[in-house]
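We name chains A, B, ... by the order of the sequence lines, and we start the count at 1 in each one.
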Amino acid sequence: MLNFAEQLKLIKKGTEEITPLDELIKKVEKSIKTGKPLRVKYGIDPTGSDVHIGHLVPIRKMREFQDMGHIGVIIIGDTTAQIGDPTGRDESRPPLSKEQVIQNSERYMEQLFTVLDRDKTEIRYQSEWFSKLNLLDIINIFSNFTLAQFMAHDTFRKRFDDGSPLFMNEMIYPILQGYDSVAIDADIELGATEQKFNILFGRDMQKLYNKELQVAILSPILLGTCGTRKMGKSFNNYIAVFDTSTDKYGKVMSIPDSLIMNYFNYATKVDPDEIEKIKEELVSGVNPKFIKQRLAREIVSLYHGEEEALKAEEEFNRVFSQKELPTEIDSYLCSESPIWIIKLLTDAKLCASSSEARRMIKQGAVSIDNAKISDENLQLDIEDGAIIKVGKRRFIKLQRG
RNA sequence: GGAGAGGUUCCCGAGUGGUCAAAGGGAACAGACUGUAAAUCUGUCAGCGAAGCUUUCGAAGGUUCAAAUCCUUCCCUCUCCA
């Protein structure tokens, strides 16, 4: 087990804020003295969306705790999932069935376990404790808080101020999340900085139940590949755990140069000293492309291994730098020949509608075996193995059938 | 309960009877350019074998030659008063 100073240094690495720090110090000291591991909490709502590398920033922190001998507790928010975290932009959601919750959370955990240590992870469902509360209990809890306390939450305040709807069920979200901390005796709760209110609210809840208070460890929010907004599904700027190695590689390469160091710091396992060196290289004028390639390799290797990362790099170079064809292209079996080009593009799902297909042709985005198509009325004779390309990234190999 | 404001295409938002498939911005997509899928510039951005037609402006009815725009009812949100 690492000693006190080492643990503290590792915990502080790459965090935005630790509140309150002195309590954390006490907890770590006590844990070392008693040999009792700390319970480190992180909550997810099993809504079925993909986990992306932005979510994994606090998860990586949890893994570090696990490596120090502590316990990671993942809360499956099967109750809060019905509400939707008001912190995000998400609206209220339709209720999830039990099967969906189980299916989603299994899928979720599969993604988290690319980072976490299975043996030191505890998975808990909110329904374990919330199914036991009745209305009176809930009224009782509510009686301890005032509206003003909730309006301290920036998201609530903002929405209230600009006249957006603010639903009662959303107000209960911090209470539920805080009660989780009570139920599992959390020592520490991890989250992105936007979770600050909810996590600190957990302390209030613990106080109410005479529990030891948790410490909030907040990670920075990872920006999306667009470079301006936080990584998230709504902006389609995320790198998902389930993305293929080539997709991950390509997406990393698409980030603006200004984000390179940010990603090195929060999305890789590269050693801080090494990162410092990379930073110097970047400043000294090394072509950022090479540094970004290294970044892309690092990120891809985390999920697919080094060999796969190198393959993804080769593929990227071939397709984008040299504009050659990718090694693997999906085939499309076509039984009609000759076939109207527009119909072919929509049937093969290269274009969403025939209007879009026409547009693509008009814009010169469609080619067959590298020959640009300009005639919307083309009746194409299907040739086995002919490659149709739409834009830069959509390819299909024709097959007579 | 009373008074007022509002619900517009993926998102924000303009539009108060025909010139509206609906300004502008964002997102997205394509083309050019590039070390990259960045930035920048240009273009596209409901559907239809494309002529014209069909569907779209909270929902359902109605008025009109013509409705996002007017009327009726309903649903939803916000503000103020109590």
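- Within 4.0 Å of Gln379(A), counting heavy atoms only, lies at least one base atom of the nucleic acid.
- Remark: U69(B) base-pairs with no nucleotide; criterion is Watson-Crick or G-U wobble with both hydrogen-bond distances under 3.5 Å.
- Phosphate proximity of A38(B) to Ser254(A): absent, as no side-chain N or O sits under 4.0 Å from OP1 or OP2.
- Heavy atoms of Ser353(A) sit under 4.0 angstrom from primed sugar atoms or phosphate atoms, though from no base atom.
- Atom P of nucleotide A37(B) and atom OH of Tyr263(A) are separated by 17 Å, given to the nearest angstrom.
- A distance cut-off of 5.5 Å between ring centres, combined with a plane angle under 30°, leaves Phe290(A) outside any stacking arrangement with the base of G35(B).
- Residue Gly364(A) is in sugar-phosphate contact alone, with no base atom involved, counting any heavy-atom pair closer than 4.0 Å across all strands shown.
- Side-chain nitrogen and oxygen atoms of Lys292(A) include none within less than 4.0 Å of the OP1 or OP2 phosphate oxygen of A38(B).
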Result block: side-chain N/O donor-acceptor pairs under 3.5 angstrom for residues 210-219 of chain A, not counting sequence neighbours:
residue   : atom : partner   : partner atom : Å
Lys211(A) : NZ   : Asp185(A) : OD1          : 2.9
Glu212(A) : OE1  : Lys30(A)  : NZ           : 3.4
Glu212(A) : OE2  : Lys27(A)  : NZ           : 2.8
Gln214(A) : OE1  : Ser181(A) : OG           : 2.9
Gln214(A) : NE2  : Ser181(A) : OG           : 3.4
Gln214(A) : NE2  : Glu189(A) : OE1          : 3.1
Gln214(A) : NE2  : Ile199(A) : O            : 2.9

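- Residue contacts for Lys362(A): at a heavy-atom cut-off of 4.0 Å it reaches no nucleic acid atom on any strand shown.
- Formation of a donor-acceptor pair under 3.5 Å by the Asp187(A) side chain with backbone atoms of Leu38(A) is not found in this model.
- Figure legend. U56(B) is base-paired to no nucleotide; pairs are counted as Watson-Crick or G-U wobble with both atom distances under 3.5 Å.
- Asn317(A) and Tyr249(A) share no side-chain donor-acceptor pair at under 3.5 Å.
- With a cut-off of 3.5 Å on both pairing distances, the Watson-Crick or G-U wobble partner of U44(B) is A28(B).
- Using a 4.5 Å heavy-atom cutoff, the side chains of Lys389(A) and Arg394(A) are not in contact.
- The base of A50(B) sits within donor-acceptor range of the side chain of Ser355(A), with an N or O pair under 3.5 Å.
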Just by protein heavy atoms under 4.0 Å, how would nucleotides 74-82 of chain B read 5' to 3' in B, S and -? ---SSS---

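- The partner of U19(B) is absent, by the rule that a Watson-Crick or G-U pair needs both atom distances under 3.5 Å.
- Counted within 6.0 Å of CZ on Arg318(A), heavy atoms from surrounding residues, nucleotides or ligands total more than 12; the atom is thus considered enclosed.
- Counting atom types as modelled, Asp257(A) pairs a side-chain N or O with a base atom of G35(B) as donor and acceptor under 3.5 Å.
- When the P atom of A38(B) is taken as reference, atom CG of Asn237(A) falls 13 Å away, rounded to whole Å.
- Contact between the side-chain N/O atoms of Arg229(A) and the OP1/OP2 oxygens of A27(B) is not found at any separation under 4.0 Å.
- When each of G49(B), A37(B), A38(B) is scored by its nearest atom to the side-chain atoms of Lys392(A), the top-ranked nucleotide is A37(B).
- One donor-acceptor pair, N or O on each side, does fall under 3.5 Å between the base of G43(B) and the side chain of Gln363(A).
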Anything under 3.5 Å between a donor and an acceptor, one on a side chain of residues 332-345 of chain A, the other on a protein residue two or more places apart or in another chain? List them.
residue   : atom : partner   : partner atom : Å
Ser337(A) : OG   : Ile382(A) : N            : 3.0
Trp340(A) : NE1  : Glu376(A) : O            : 2.9
Lys343(A) : NZ   : Asp347(A) : OD2          : 2.9

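- Under the Watson-Crick and G-U wobble criteria, each requiring two contacts below 3.5 Å, nucleotide A14(B) is left unpaired.
- Put simply, CZ on Arg359(A) is 11 Å from C1' on A30(B), counting in whole angstrom units.
- Across the strands present, A3(B) finds its partner in U79(B); the criterion is a Watson-Crick or G-U wobble pair with both atom distances under 3.5 angstrom.
- Put simply, CZ on Phe395(A) is 12 Å from C1' on A37(B), counting in whole angstrom units.
- Under the Watson-Crick or G-U wobble criterion, with both distances below 3.5 Å, A39(B) is left unpaired in every strand shown.
- Between Asp67(A) and Arg63(A), at least one side-chain nitrogen of the basic residue sits less than 4.0 Å from a carboxylate oxygen of the acidic one, meeting the salt-bridge criterion.
- Between the side chains of Glu315(A) and Thr327(A), at least one donor N or O sits under 3.5 Å from an acceptor N or O.
- The partner of U63(B), taking Watson-Crick or G-U wobble pairs whose two distances both stay under 3.5 Å, does not exist in any strand shown.
- Computed from coordinates, the Ile361(A) CD1 to A30(B) P distance equals 15 Å when rounded to whole Å.
- Within a 6.0 Å sphere centred on CG of Asn370(A), heavy atoms belonging to other residues, nucleotides or ligands number 12 at most.
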